[in-house]
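Inspection log for the structure reproduced underneath, given as structure tokens.
In what follows, every chain begins at residue 1, and chains take the letters A, B, ... in the order their sequences are listed.
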Amino acid sequence: MKGLKKTCGCGELRAKDVGKEVTLMGWAHRVRDHGGLIFVDVRDRTGIVQAVCDPQKSPSAYEVMKDWRSEFVVALRGKVERRPPGTENPNLPTGEVEVIVEYAETLNPSLPPPFPIRDGIEVEEITRLKYRYIDLRRPKMVRNTYYRYKFTKAVRDFMEKEGFWEIETPILIKSTPEGARDFLVPSRLVPGSFYALPQSPQLLKQILMVSGVERYFQIARCFRDEDLRADRQPEFTQIDIEMSFVDRDDVMDLTERMLRYSFKEAFGIELDVPFPRISYYEAMERFGTDKPDMSFDMELKDVTDILSGSSFRVFADAVRDGKCIKAIKVPQSFTITRQMVDRLTDMAKEEGAKGLAVIPLGEEKSSYVAKFLTREELNNLAQRLSAERGDVLLLVADEWEIACSALGRIRLFLAGEMALRRKGFHLLWVTDFPLFKYNREEKRIEPSHHPFSAPLDEDIPLLDSDPLKVRGKVYDVILNGNEIGGGSIRIHNSELQAKVFKIIGIDEKMAEERFGFLLRAFQYGAPPHGGIALGLDRIVALALGEESIREVIAFPKTQTGSCPLTEAPSPVDEIQLKELHLKIE
RNA sequence: GGGGUCGUGGCGCAGUCCGGCUAGCGCGCUUGCCUGUCAAGCAAGAGGCCGCGGGUUCAAGUCCCGUCGACCCCGCCA
């Protein structure tokens, strides 16, 4: 490319550029050779523009261009001209103009691409990942890559303005057995010892608070060795934030403004702030989940009181055993078939419910359940759910959490079936999570968030009497039913921390082994602090309307954690293992 | 660890239920023709371990067993 300099992006040319002499460099997107006249769509990350070569006017350029094939890397110089009337292409942003080629050069040939570089094609994901460099040339992937960068940049700009410092924390850290499974890295210098890759910079950012940083953030890579999903990769990126001398409202307010700014800046999307805030209890009561999808209604109602004296055994027994009865209404516009009832019942059972009661209002005789209910009970139910003749009520009688989540699951499913979801970005905070949960299998109390989250002040007395009732200064931020972030105010008082450790079965010795460095730090003047971590991949995927975070990660891994492009993971040399003092079974 | 869907030229698919001649279609690819196309057109052509291994059978893309891989989900993800 002797002396040639690219002067503009292919997709940038418009009618106003007519008359300009330009040099384009990019990929031959499509070549249409008419024997005497060649059209080449030249593509780069800005888009596509049509170049035309007339052999009569530029015979030497013609000789070069007639050999061009898909994805050849090309350079050409020429004049931007308005297309002849009737040949404009309204499907192309550059469709009013074309470049009349005067000089052409092949910078590099290319094999035919394994799949077309076009949106809307269906190619096996493994093929896309194996040839990810080809896949990333597709317009949608160019867009996703760009917007992810814009979003990250906006976050950094915002945090800078708010007085936060971006600080890197180590990737090789100490393994702590809580939470997810760690990725381990063997130490060569200390035989038999291992580093872990961070599941999040949690402990280090708290230590930065002790060190007086006051306002920290990081676009942090995190690692969890757990099974993958559409929204879960073994390595993913968090917007990690920690602040000193703040309470919950400060963190939530900061987060709202950060999201509002960055969504506007990167995606042009306006978010309304503040986001609604509801407690965990209210979320479960009304939506049957701790991450409610607020893009549609169909709320759960408690009907325990109405059916407490029911002659239907299941209901009566449930109430007698201190359980509760929840209900949702399915409007008559949606027909529930026998098959549908079976599917819904299976869902309820998967959430631990014994069954699902179906009451078609107006057709009580056909319902096994409704036959047992009095006119008054039916009327009260209809009133509580604002239901009319023709609507169908679905009820679950069980322990509070099971009844709620069973109907919560059904609510989500029906929203899909009935196409209830409204467009837009529906955000909310869920707060006041229980600080602990009971693990039935292991018969022990564990932290529901992490062991450093502080309890609500008014619940501190419950730590001794009824720890499972203690609520934490914990908050999750939810976008259209997806958890996109969560955080808490941390414990900065050693006595309180010791008490919490005790409840979750961590004695002094274990605490010292696992978190000794943090506890020691806390003895040297730890400020009150709290923070939040947001899932960058999920946020960008949701903002761009992608189903999977793999669509917004340049080089993601398959469901078995492998990379078809580089073929990681792979076996290593015997010598490498030996140096690391490892033997493979 | 479990459930579901899938695997056939480079890509996307049909054929598999109900075994039977030369495995078919669209796109792409190669060659030729073609001066206003933009999913260019026309003509000719090349290209297949039907994921892999084993079995049943006169005969397997098709039936059986095993195995590998992809995607979705449950478990798991403080």
Between the side chains of A:Glu546 and A:Asn144, does any donor sit under 3.5 Å from an acceptor? yes
Please give the distance between the P atoms of B:G36 and B:G41 as a whole number of Å. 15 Å
Roughly how far apart, to the nearest Å, are B:A60 and B:G20 at atom P? 11 Å
Side-chain N or O of A:Ser562 less than 4.0 angstrom from OP1 or OP2 on B:A70? yes
Whole-Å P distance, B:C27 and B:C42: 9 Å
Could you measure between the two C1' atoms, the one in B:G61 and the one in B:G19, and give it in whole Å? 10 Å
For a quick test of reading the model, state the closest non-hydrogen atom pair linking A:Val31 to A:Val40 and the distance between them. CG1-CG2, 4.1 Å
Donor-acceptor pair between A:His29 and A:Arg118 side chains, under 3.5 angstrom: no
Within less than 4.0 Å of OP1 or OP2 of B:G36, is there a side-chain N or O belonging to A:Arg82? no
Which part of the nucleic acid does A:Gln559 contact within heavy-atom distance under 4.0 Å: base, sugar-phosphate only, or nothing? base
Please state how far atom NZ in A:Lys66 lies from atom P in B:U30, giving the value in whole angstrom units. 14 Å
Value in whole Å for how far the P atom of B:G36 lies from CE of A:Met65: 16 Å
Does the B:C76 base have a donor-acceptor partner in the side chain of A:Arg224 within less than 3.5 Å? no
Please answer whether the main-chain N or O of A:Glu21 pairs with a side-chain N or O of A:Arg77 as donor and acceptor at a distance below 3.5 Å. no
Span that lies between the P atom of B:U62 and that of B:G66, in whole angstrom: 16 Å
P spacing across the pair B:U37 / B:C49, given as an integer number of angstrom: 40 Å
Among B:G1, B:G69, B:C13, which is the nearest nucleotide to the side chain of A:Asp227? B:G1
Reading nucleotides 37-51 of chain B 5' to 3', which nucleotides get B (base under 4.0 Å from a protein heavy atom), which S (sugar-phosphate only), which -? BBSB-----------
Specify the residues of residues 51-62 of chain A, ordered by number, for which at least one heavy atom lies under 4.0 angstrom from an atom of RNA chain B. A:Asp54, A:Gln56
So A:Pro84, base contact, sugar-phosphate only, or nothing? Heavy-atom distance under 4.0 Å. base
Pick the P atom in B:U22 and in B:G69, then give their distance to the nearest Å. 35 Å
Taking a pair to mean Watson-Crick or G-U wobble geometry with both distances below 3.5 Å, B:C33 pairs with B:G41
Nearest whole Å is fine: how far is B:C29 P from A:Glu71 CD? 11 Å
Whole-Å distance separating the CD atom of A:Glu551 from the P atom of B:C71: 11 Å
How long is the line joining CD of A:Glu125 and C1' of B:G12, in whole Å? 16 Å
Between A:Tyr280 and A:Phe433, how do the two ring planes meet: parallel, tilted or perpendicular, split at 30° and 60°? tilted
In this structure, how many angstroms lie between the C1' atom of B:C77 and the CZ atom of A:Arg229, rounded? 9 Å
What is the separation between atom CD on A:Glu122 and atom C1' on B:G26, rounded to the nearest whole Å? 15 Å
Pair A:Ser200-A:Gln238, side-chain donor/acceptor within less than 3.5 Å: no
Would one find a side-chain N or O of A:Arg550 under 4.0 angstrom from OP1 or OP2 of B:C72? yes
Is the side chain of A:Arg538 donor-acceptor paired with the backbone N or O of A:Glu483 at a distance under 3.5 Å, no angle test? yes
Considering only the P atoms, how many Å lie between B:G51 and B:U8, rounded to the nearest integer? 6 Å
Whole angstroms only, please: what is the CZ-P distance between A:Arg69 and B:G28? 13 Å
Taking 4.0 Å as the cut-off, does a side-chain nitrogen or oxygen of A:Thr127 come that near to OP1 or OP2 on B:A70? no
Mind telling me whether A:Phe452 and A:His450 have parallel, tilted or perpendicular rings, with 30° and 60° as the class edges? tilted
